[in-house]
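The analysis underlying the following values was restricted to heavy atoms, covering all of them including side chains, and did not include hydrogens, waters or symmetry mates.
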Amino acid sequence: MSDILSKPDTTVIDATGRFPHPVTGDVYDQEKDTTPVAEVAVEKNALPDDEIPLIPSWTRTPAGWKARTGIARVNQVRSFRRWVRRQSTEHGHTAQTFRGLRRTFAWVQGTEGVQVATARQEVQQAHKAYKTAKWGHDKRLVPGKEKDKRRKEMEAAFAASNTAMTRYRSERRAARVMRALRGAAATAPVAVVETAGAHFLGWGGTAIATGSVLAALALIGRRTTGGELYHDNDVKFGDTLKLTDSMLNKIYRDAKVIGADEVVELLTPCTLTADGKAWEVTLDLPSGTPLKKALTAKTGVASALGVKVQQLHQAQGDREGRLQLRVSLHLPFTGKPTPGPLLAMDCVNLWQAIPMGVNLRGQEVSTSWVERSGLFGGEPGAGKSAAANDLLLAAALDPTVALYLCDGKAGADITPFEGIAAMYDTDGEPERLLEVLQHIWNVEIPRRRALAKEHGSRKLTAAMAAKDPRVNLAVLLVDEWSSYGAAADRATREEMERLLRLIVQQGRALGIVTLCATQKPDADSVPSGIRDILSIRWAMRCLTPQASDTILGQGYAAAGHNAQDILKSQRGVGIYMDGEGAEPELTRGYYYDDDEVALLLDRAHALRAKAGTLPAGPATLADRLRALDDDHATVMAVLLDTFDAHAGDDGEPAEWLPGTVLVDALAAAGLNVSADSLGRMVIRTDEEKGKRTWQSGRAVGYPRSRVLITVRDWHKLDI
């Protein structure tokens, strides 16, 4: 893209939509580069420059032909519908044909009729003058000299009448000849075409010839009486699914982005992307026009295009005033989600960038979470938990990463991760969250700071992790902070906020990745002091522009990045901002259903078991007894282990065992305890001393419940 944008030559779209050949020699190779067509250079055609526009190489591939054929098919259907609607107007072909027929008759008649009518008028006037003169001459009482005078006037009027009649007949004869010639000129082609068609092709030829004649008449009558021609200049992108150069000026003028006498400058032609899903173009606004004016006029631009706002994407180019426009043919991100790439990965290295989703161009959006923290937000059902899973599942597949997961809404989103999490809270208890934060601040961060100092660095890096297995990343998830804050007292809430802020600030350099997620993005959900230092933002569908700005930052909604525009049907879609200074883009997160999550977590559990990084579970009662370093406690521990060793098919410890079995187990453990001594250590009731069936006989034994009671009474341990 930078290669194209760096070229000094630009092209101005004029009123006719002409687009000269840009100067470039770059070649786009679809097999080696999956970058969208509008963002890559296009190759020169073999013909000389300035003869035809540049044609992307992908259009000559099967995928390109398929995409263009699909667009052409839709345009044909829509063009036919527009043609049908047009027939009822004065621009319809029927009206054009009759208009052409009338104009042909008018041409055949010609203008000679004016001379004929003039000559006829002269004849009538001369004849009237003659009749008047004759009437005056025929009076009997007129004197002789007056009689002679009137006779001369009558003779002169008679001569003028004859002259006028002669001229009239000549004009009429000439008009008839000219009309006959023009009539022959008009009908001869029709007769020739009809005769040739009937002679050579029969009735089919006659029909073709008739159609040709009607088409010729329609062409003659194309202009209306007022001289107007039919044109498609007012057609919108939504009607044709084709973005043309001539549309752009009209679009931005109608949206009040540029003035009526201003034009935009194109740096790339309007091009259909390689996947056939959108049109893209890069342009420069007129000098002095701020880019924000175009970004904030998103609704107006979408209206001028005839599409939904969600189909329009405008982004800032590599400088002010430069705009990258993308118009999707259909509403994006409404089909089935793209399968998550983690399903095909055996393990993940979280020190490297991980896949988070797919952008509008179908490209994978990967993010490095090293020295980063994030804030995901959106209304319930927007896909926030699925987006958070993109990070959590990737972290789970890295067996060296420690997971600290806390869910303030006490939901089931992180329940599947319990088996591999170092610490977790699925009950929304503020005390438990405080315990997790205190452990990270008091244990994890000092340990990591000491490791960094040992390596002579201020932070932990991937290079250190490759050499020292003690260096690893940790992920802290705090979901629904507002729920924790509402359930905690003031002192606890302030302490949690203090610790979380410190962990975000100081933990980044020490390999602790913090992710905060919320369904109600406001100052109560994540305190502003913490929210402002979370670098990665993902705003799912929000109810208000203010909620969107709470996640992305103040002013982004006004600049065209408003999560309120995301539809409910676009689940899992959000405006993603990858770190400080990154341009937000619409991204759809990968989605993993419950079965896929279970599959990935089984894989993560196996990886951690093999690497020996599974979190230590709670100590068993036997282990706690051994930790007391007491002979009696050690005997009780062996007894409990023996009951566990004789567990039934359901996995539960045996409820009762013979005394001989217990004594033998004590002897095997190196403890010299006789049956009598065991009886004195574990006091039973008379009923419990009775014999029970054991294998093929009956024996005296001990119930496990009695051993537990002994442990509770002697050692004061919770059982």
Side-chain angles (χ1 to χ4, degrees), residues 333 335-359 363-370 372 374 376 378 381-407 409 411-426 436 462 465 472-479 511-517 536 538 540 571-574 576 578 587-617:
F333 298 136
K336 293 183 178 180
T338 305
L342 295 179
L343 296 171
M345 297 183 183
D346 294 329
C347 61
V348 172
N349 183 2
L350 202 62
W351 290 98
Q352 300 176 353
I354 62 170
M356 297 298 297
V358 178
N359 62 15
Q363 298 171 318
E364 183 177 273
V365 177
S366 297
T367 299
S368 173
W369 284 86
V370 179
R372 301 284 187 87
F376 293 177
K384 169 186 61 65
S385 298
N389 269 356
D390 290 326
L391 171 61
L392 296 184
L393 290 172
L397 290 177
D398 186 339
T400 66
V401 175
L403 297 176
Y404 297 91
L405 311 177
C406 300
D407 187 357
K409 63 181 183 299
D413 294 334
I414 65 173
T415 301
F417 294 85
E418 290 181 358
I420 60 173
M423 298 179 72
Y424 61 87
D425 171 42
T426 56
V436 172
N472 66 334
L473 294 173
V475 174
L476 168 63
L477 169 68
V478 180
D479 196 353
I512 298 178
V513 177
T514 303
L515 173 61
C516 296
I536 297 175
W538 203 343
M540 303 291 178
R571 189 169 184 180
V573 177
Y576 189 72
D578 183 1
T587 303
R588 185 179 197 173
Y590 292 116
Y591 175 72
Y592 301 92
D593 59 31
D594 292 343
D595 293 338
E596 291 171 339
V597 170
L599 176 64
L600 291 174
L601 290 180
D602 287 343
R603 188 181 304 167
H605 192 279
L607 287 171
R608 291 169 183 265
K610 183 177 180 180
T613 56
L614 280 174

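Distance check, rounded to the nearest 0.5 Å: CE of Met345 to CG of Leu342 gives 5.5 Å. Atom CD1 of Ile354 and atom OH of Tyr590 lie 11.0 Å apart (nearest 0.5 Å). One finds the CG atom of Asp594 at 12.5 Å from the CG atom of Leu599 (value rounded to the nearest 0.5 Å). Once rounded to the nearest 0.5 Å, the distance linking OG of Ser385 with NZ of Lys409 reads 4.5 Å. Interatomic distance, Leu391 CG to Arg372 CZ, rounded to the nearest 0.5 Å: 12.5 Å.
Closest heavy-atom contact between Trp351 and Ser368: O-OG, 4.4 Å. Of all the heavy atoms in Arg588 and Gly335, the pair that sits closest is NH2-O, 2.8 Å. Summarising the geometry of Pro615 relative to Ala421, their closest heavy-atom pair is CG-O, 3.3 Å, with the distance given to 0.1 Å. Between Asn472 and Thr400, the closest heavy-atom pair is ND2-O, 2.7 Å. Taking both residues in full, the closest heavy atoms of Ala396 and Ala604 are given as O-CB, 3.2 Å, listed atom of the first, atom of the second, then distance. Of all non-hydrogen atoms in Lys384 and Phe376, the two that sit nearest each other are CD-O, 4.0 Å.
A 4.5 Å side-chain heavy-atom check between Tyr576 and Thr367 finds at least one atom pair inside the cut-off. Using a 4.5 Å cut-off on side-chain heavy atoms (C-beta onward), Asp407 and Thr426 make no contact. The shortest side-chain heavy-atom distance between Glu364 and Thr338 does not fall under the 4.5 Å cut-off. Asp479 is not listed as a side-chain neighbour of Ile414, based on a closest heavy-atom distance of 4.5 Å or more. At a threshold of 4.5 Å between non-hydrogen side-chain atoms, the residues Asp425 and Val436 do not count as touching. Residues Ile536 and Asp578 form a side-chain contact, since some pair of their non-hydrogen atoms from C-beta on lies under 4.5 Å apart.
For the pair Asn389 (side chain) and Leu392 (backbone), a donor-acceptor distance under 3.5 Å is absent. Although no hydrogens or angles enter the test, the distance criterion places a donor-acceptor pair under 3.5 Å between the side chain of Asn359 and the main chain of Gln363. Side-chain atoms of Tyr592 never come within 3.5 Å of backbone atoms of Leu393 as a donor-acceptor pair (strictly under, hydrogens ignored). Formation of a donor-acceptor pair under 3.5 Å by the Asp398 side chain with backbone atoms of Leu350 is found in this model. Between the side chain of Thr613 and the main chain of Pro399, a donor-acceptor pair closer than 3.5 Å is present. Although no hydrogens or angles enter the test, the distance criterion places a donor-acceptor pair under 3.5 Å between the side chain of Arg608 and the main chain of Val401.
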Side chain to side chain contact (heavy atoms under 4.5 Å, CB included) for Tyr404 and Val478? Distances and angles first, verdict last. CA-CA 9 Å; Tyr404 297 91; Val478 180; over 6 Å; no

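Between Asp346 and Arg603, no side-chain nitrogen of the basic residue sits less than 4.0 Å from a carboxylate oxygen of the acidic one, so the salt-bridge criterion is not met.
Other residues, nucleotides and ligands contribute only 12 or fewer heavy atoms inside 6.0 Å of the CZ atom of Arg571.
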